[in-house]
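Lettering of chains follows the sequences in order, A, B, ..., and the numbering in each one begins at 1. Bear in mind that the values here come from a model prediction, so they are computed numbers and not experimental data. Heavy atoms only: backbone and side chains are in, while hydrogens, waters and symmetry mates are out.
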Amino acid sequence: MIQKLIALPFEKALQAIGVQEHVQLNFEIPKVSSHGDLSVNIAMVLAKKLGKSPRIIAQEILDNLTFEPNIISSVEIAGAGFINLKYGPGFYIHALSKILLLGETFGKSDEGTGKKVNVEYVSANPTGLLHIGHGRNTAIGDTVANLLTWTGHEVVREYYFNNAGNQMNNLALSVYARYRQAAGDVDYAFPEDGYHGSYIRQIADELVIQYGNSLGENSKENLEICKLAGEKWCFAAIMKTLQKMNVHQDVFFNEDSLYHDGKVQRVIDDLRAAKLAYDQDGAVWIALSKLDEKLTDRVIVKSSGEPTYRLPDIAYHRDKLERGFDQIVDIFGADHIATIPDVMAGVQALGLDSSKIKVLIYQFVTLTENGEQVKMSKRTGNSYTLDDLIDELGADVVRFFFIMRGVNTHLEFDLALAREQGDRNPVFYLQYAHARITSIFTNAAENGISNTGSVDFSLLNHPAEYNLIKTLLRFPEQIKKSAQNLEPQILVEYLREVASCFHVFYHECPIMKAENELRSARLSLLKITKITLRNGLSILGVSAPDKM
RNA sequence: GCGCCCGUAGCUCAGCUGGAUAGAGCAACAGCCUUCUAAGCUGUGGGCCACAAGUUCGAAUCUUGUCGGGCGUACCA
């Protein structure tokens, strides 16, 4: 809209003053409303190129700039050479009418139409329950997937299921030890770095019920039984937690399939063929230093014959790329930072375009309560699980808290604050706005008032109304920004602003008591606000309650 | 040692693809319900944007260095 109505006249004016090449027009919304509704810094950008002062250039542009007065009511030069515009009533009428037509689709864009994107998140090993860190991963991943969907991408939500490798053996040994103990061998030694959580005992108890004492030896077969039982139990528990969090993924990709399908072997073969893998000390190495001098060679198959994590990771990313995605997004915790360049280089070495892979790193979560840190020890098994958190706080609060800070900053999750059902809790601020609006519509319906007829938006000229309208108009652009930066928090901050503008409007402008025409216009504005909040909250995966 | 992230109000954090007077929530204090949900609104106080140089018309934002905190740095994942 800005494009059609405002950018075009600018481009014409630039041509008129002899600027031939294309220059990027940056429209921004000034922080201070006295600087207008829209500000352009083009004169400053051109100052050096044209060898004139910004204010003179601005004046020249202005002399060649014509707008329909109904759309732009005033144009001014200010400060060092900013060109400030003010919207006219026609602009608002045009924009608001359009949003009403869009309704449930307001905010959607076609940026990503035709692009297939894979978003991989959660991807917790099936060796235990989801903890707080997984919670942040999950909330970020699901919201990013929603954002990409809203910007037109075709999104596949994927869970990489690490059911191979060392940690699974560890799980098997842990379950087996608890099984022996439960089956009567009370002093059976528990592996030193085994999984200490109480859930392991549950799995073992179920094995006792099923097999009695018959799993005697820690033979390969018996450990396999323990492993499968553990995997199955953990997967079921994880799925239950994800459901509670309203997360539903499309693809569960099993790591072990990479071995069964020969995809891991194919990576080794291809790397060898390209002279990028070699044998040394009984292990197979990948020659990363040949790909990038900043990297060092790494082992991909240990001398024991077991692959290291890098190898299946490379095979997995190759598989994703070969499935034809235009973009691949991985959501990883900060502890994975070091491995990313290796995997990227490996993918590149296989002749694939690793720039399609975007890795979103989130920093760690600290759980606090009244300023004191709550310990989350995995070893002792006394960790605060994600499940506990959802049961205590509800999915809305949990999801919101995990995305309300920038992905790249350490997140302090304040349990005491999250527990509050009152005005200190930031989730309710947004939801309350939605509930208040619904309540007004209920009230209107009870009084037989509907606003189905034609609406005269030009009646809305209270400052609180202007602020709300201007904020609402930014919704699609904010979703795009949030999606492009893979940063849910941008949308969170924006919605908070919408809610804030609404609450002020609600306070300043009576709706039901206004005269018919004005009431009708205000009800329509409320409708748009409600649509925006509801659409925005749905992207965050947070409910928009009608009553609170 | 090396790599990545962070350092902004008392606390938790926005702003960081350079722009005009650095913002919000909470906490503190003072107001607003005979009126559509007070889970709301209004006002006050609170800052060497960690520190130091550099880049330019202009720096919280970009570059370099220093200090402080976090996470990594395996034939663990």
Side-chain angles (χ1 to χ4, degrees), chain A residues 24 26 28 30-32 34-35 39 41 44-45 47-48 53-54 78-82 84 125 127 162 165-168 170 193 280-285 294 296 298-310 312-313 333-341 361-364 366 368 371 404-414 417 420-433 435-444 446-447 464 481 484-485 489-490 492-494 496-497 499-500 502-514 519 522-523 526 547-548:
Chain A
Q24 182 67 38
N26 286 318
E28 53 181 83
K31 279 180 230 163
V32 192
S34 63
H35 293 141
S39 176
N41 68 347
M44 280 118 109
V45 175
K48 195 165 250 182
S53 91
F82 294 99
N84 295 338
N125 298 339
T127 55
N162 278 121
N166 223 352
Q167 74 282 6
M168 293 306 288
N170 196 357
D193 50 359
Q280 188 182 304
D281 307 327
V284 182
W285 295 67
K294 277 179 279 185
T296 51
R298 302 285 183 181
V299 169
I300 51 173
V301 183
K302 299 187 239 178
S303 51
S304 64
E306 288 178 344
T308 65
Y309 67 92
R310 278 170 241 265
D313 266 15
D335 51 340
H336 286 263
I337 281 180
T339 83
I340 294 160
I361 298 283
Y362 61 92
Q363 299 299 317
F364 276 41
T366 337
T368 62
M404 73 180 184
R405 303 293 178 226
V407 166
N408 222 349
T409 68
H410 299 267
L411 168 66
E412 183 166 323
F413 196 118
D414 186 338
L417 175 62
E420 290 214 26
Q421 295 289 308
D423 55 353
R424 277 164 39 100
N425 194 322
V427 188
F428 295 113
Y429 188 72
L430 299 186
Q431 294 186 317
Y432 182 55
R436 262 185 155 177
I437 296 172
T438 309
S439 164
I440 293 170
F441 281 113
T442 309
N443 189 308
E446 279 166 3
N447 289 292
K481 192 176 169 196
Q484 269 163 15
N485 294 311
Q489 197 220 18
I490 291 174
V492 172
E493 283 299 318
Y494 167 75
R496 206 200 299 263
E497 225 180 300
S500 167
F502 159 72
H503 286 306
V504 173
F505 161 72
Y506 178 90
H507 190 257
E508 305 264 327
C509 305
I511 294 137
M512 298 306 290
K513 293 216 164 129
R519 181 180 64 204
R522 285 182 173 164
L523 280 170
L526 277 185
K547 260 186 197 165
M548 284 178 77

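- Among the nucleotides G70(B), C75(B), A77(B), the one closest to any side-chain atom of Gln363(A) is G70(B).
- Across all strands shown, Lys547(A) has heavy atoms under 4.0 Å from base atoms, whether or not it also approaches the sugar-phosphate.
- Checked against G72(B), C41(B), G69(B), the side chain of His503(A) finds its nearest nucleotide in C41(B).
- On the C1' atoms, U66(B) is 26 Å away from C13(B), given to the nearest whole Å.
- The ring of Tyr429(A) does not lie on top of the base of G25(B); it is either too far (5.5 Å or more) or too tilted (30° or more).
- By the 5.5 angstrom centroid cut-off and the 30-degree plane limit, His35(A) is classified as stacked against the base of A20(B).
- The side chain of Ile511(A) lies closest to C36(B) when the candidates are A24(B), C36(B), A14(B).
- Here Lys481(A) does not reach the OP1 or OP2 of U17(B): none of its side-chain N or O atoms lies under 4.0 Å away.
- Residue Arg405(A) has its side chain nearest to A14(B) when only A14(B), C76(B), A74(B) are considered.
- Side-chain atoms of Thr409(A) stay outside donor-acceptor range of the base of C6(B), with no qualifying N/O pair under 3.5 Å.
- In this structure C33(B) sits in the syn conformation; its chi angle is within 90° of 0.
- Mapping Phe82(A) and Val301(A) onto RNA chain B by nearest heavy atom places Phe82(A) closer to the 5' end of the strand.
- Of all nucleotides listed (C13(B), A77(B), C76(B)), A77(B) comes nearest to the side chain of Asn125(A).
- When distances run from any side-chain atom of Ala78(A) to the nucleotides A77(B), A20(B), C41(B), the shortest one goes to A20(B).
- Not one N or O on the side chain of Arg522(A) forms a donor-acceptor pair closer than 3.5 Å with the backbone of Ala514(A).
- Across all strands, Glu497(A) comes closer than 4.0 Å to no nucleic acid atom at all (heavy-atom distances).
- For Asn166(A) and Asn170(A), the side-chain atoms include no donor-acceptor pair closer than 3.5 Å.
- At a threshold of 4.0 angstrom between heavy atoms, the contacts of Gly406(A) are confined to the sugar-phosphate backbone, with no base atom among them.
- When the side-chain nitrogen and oxygen atoms of Arg519(A) are compared with OP1 and OP2 of C36(B), none of them lie within a distance under 4.0 Å.
- Distance from the side chain of Arg436(A) is smallest to A38(B) among C71(B), A38(B), C76(B).
- If you check distances only, the side chain of Asn84(A) does reach the base of A20(B) with a donor-acceptor pair under 3.5 Å.
- Met404(A) comes within 4.0 angstrom of nothing in the nucleic acid, heavy atoms only.
- When distances run from any side-chain atom of Met512(A) to the nucleotides C41(B), A77(B), C36(B), the shortest one goes to C36(B).
- Put simply, Gln167(A) has no side-chain N or O that comes within less than 4.0 Å of OP1 or OP2 on C76(B).
- Under the 6.0 Å distance and 45° angle rule, Arg496(A) does not count as a cation-pi partner of Tyr429(A).
- Of the candidate nucleotides U73(B), C75(B), A24(B), C75(B) has the atom lying nearest to any side-chain atom of Thr308(A).
- For the atom pair CE (Met44(A)) and OG (Ser53(A)), the distance works out to 11.0 Å, reported to the nearest 0.5 Å.
- Taking the P atoms as reference points, C41(B) lies 13 Å from A27(B), given to the whole Å.
- The side chain of Val504(A) lies closest to U42(B), out of C36(B), A20(B), U42(B).
- Side-chain atoms of Ser39(A) and base atoms of A20(B) include a donor and an acceptor less than 3.5 Å apart.
- Residue contacts shown for Ala283(A) include a base, since a base heavy atom lies under 4.0 Å away.
- Side-chain atoms of Asn84(A) come within 3.5 Å of backbone atoms of His35(A) as a donor-acceptor pair (strictly under, hydrogens ignored).
- Side chain to side chain, Arg436(A) and His503(A) meet the donor-acceptor criterion of an N or O pair below 3.5 Å.
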Dot-bracket notation for RNA chain B, counting Watson-Crick and G-U pairs under 3.5 Å, with | for partners on another strand: (((((((..((((.....[...)))).(((((.......))))).....(((((..]....))))))))))))....
Residues Val301(A), Trp285(A); criterion side-chain contact (heavy atoms from CB on, under 4.5 Å); working and verdict: CA-CA 7 Å; Val301(A) 183; Trp285(A) 295 67; over 6 Å; no
